[in-house]
Amino acid sequence: MPGEGDGRLRAEEPAEAREGSGPILRRRGIQRPAAGVRGAGRSVREGDTEGREPAVEFLSVGDEPAPAAVSAVLGLAEGAPACVRRRRLLLDGKPVLLATSYLDAVLVAGTPIAEPDSGPGGIYARLAELGHEPVRFREEVRSRTPSPEETERLGLAAGTPVVLVCRTAFAADGRAVEVDEMVLDASAYVLEYEFGAP
C-alpha cells in the first residue's frame, strides 16, 4: 500500500469519532481509483478499508437494459444490454454502501467482468487487459432520502439520508467504459476531495 507522503491512494481512514455512531469512513474521492491499487492486484474497494475487515457482498451480475441516462453516457443504443454488477460493502459487519456498475455488455462479454469474481485488481484491471484502462474519472455527488429498499439493505435508522456518488470511468480515447452508481449511508462517510489551484 502506498505511504502517506507519496501522493497516491491511501486506505480510507476513520474520521473523527462521534459518540453513538457506527463505523465512519473518510472517502478520498479523487485519489480513490489510483492505478497503484490495481497494480497491486487489489480492487478499489479492497484499498478503501485496509485494516478494517471490510466485506464486499456480491449481489448479482447479468445483462439487462440500463437506465436511459446511463446508456447515453456509455454510448449504448436504446435497449442495448449493459453488464450490471451489484455489490454491498459492509464495514465491521454493518452495511455502509450499495454499488451498481454498468458496462457495455458487448465489450465485456466472455470476460471475468461478466462473472461474480472479476479477479485480482477488479474490473478496472480487466478493462486494462482489454485495452480500455480507465485513465480519467468524473464523480457527481448529491444526497436524498433513501428508498425503502435502500433503507432495508443498508439497515438505516429512521431519518438517515443517503449520499449518491455517480462515478464515470473514461479510457484514454475518451470513451466512457463504466458508470458506477453508489449509495452511501450518510452517517458512515466523510467525503474528502482535494483540488489543485488553477
Considering non-hydrogen atoms only, spot the tightest contact between [X] and [Y] and give its length.
X: V108; Y: A114; result: O-CB, 4.0 Å
X: L154; Y: L97; result: CD2-N, 3.5 Å
X: C83; Y: D63; result: CA-OD1, 3.7 Å
X: P134; Y: Y124; result: CG-CD2, 3.7 Å
X: A82; Y: A105; result: C-CB, 3.8 Å

Between [X] and [Y], is any pair of side-chain heavy atoms under 4.5 Å apart?
X: V177; Y: L130; answer: no
X: L74; Y: Y102; answer: yes
X: L127; Y: L107; answer: yes

State which residue, out of E181, E178, R86, fulfils the side-chain contact (heavy atoms from CB on, under 4.5 Å) condition with S101. E178
Backbone N or O of R85 within a donor-acceptor pair of the R87 side chain at under 3.5 Å?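 Confirmed, R87 side chain pairs with R85 backbone.
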Would a distance-only check, ignoring hydrogens and angles, find a side-chain to backbone donor-acceptor pair under 3.5 Å from R88 to R153?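 Pair found, side chain donor or acceptor close to backbone of R153.
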Is there a continuous path of hydrophobic side-chain contacts, each under 4.5 Å between heavy atoms, that joins [X] to [Y]?
X: L156; Y: L91; result: no
X: L89; Y: V165; result: yes
X: Y193; Y: Y189; result: yes
X: V183; Y: V190; result: no
X: L59; Y: V56; result: no

Nearest 0.5 Å please: distance from the [atom1] atom of [X] over to the [atom2] atom of [Y].
X: E139; Y: D180; atom1: CD; atom2: CG; answer: 9.0 Å
X: I113; Y: R126; atom1: CD1; atom2: CZ; answer: 7.5 Å
X: M182; Y: R167; atom1: CE; atom2: CZ; answer: 4.0 Å

Given side chain to side chain contact (heavy atoms under 4.5 Å, CB included), test R175 with D104 step by step and report yes or no. CA-CA 11 Å; R175 176 182 181 177; D104 181 346; 2.9 Å; yes
Can you tell me if E57 has over 12 outside heavy atoms packed within less than 6.0 Å of its CD? yes
Begin from the C-alpha positions of V162 and L98 and carry the test side chain to side chain contact (heavy atoms under 4.5 Å, CB included) through to its verdict. CA-CA 10 Å; V162 290; L98 303 172; over 6 Å; no
Lys/Arg N to Asp/Glu carboxylate O, E150 vs R144, below 4.0 Å: yes
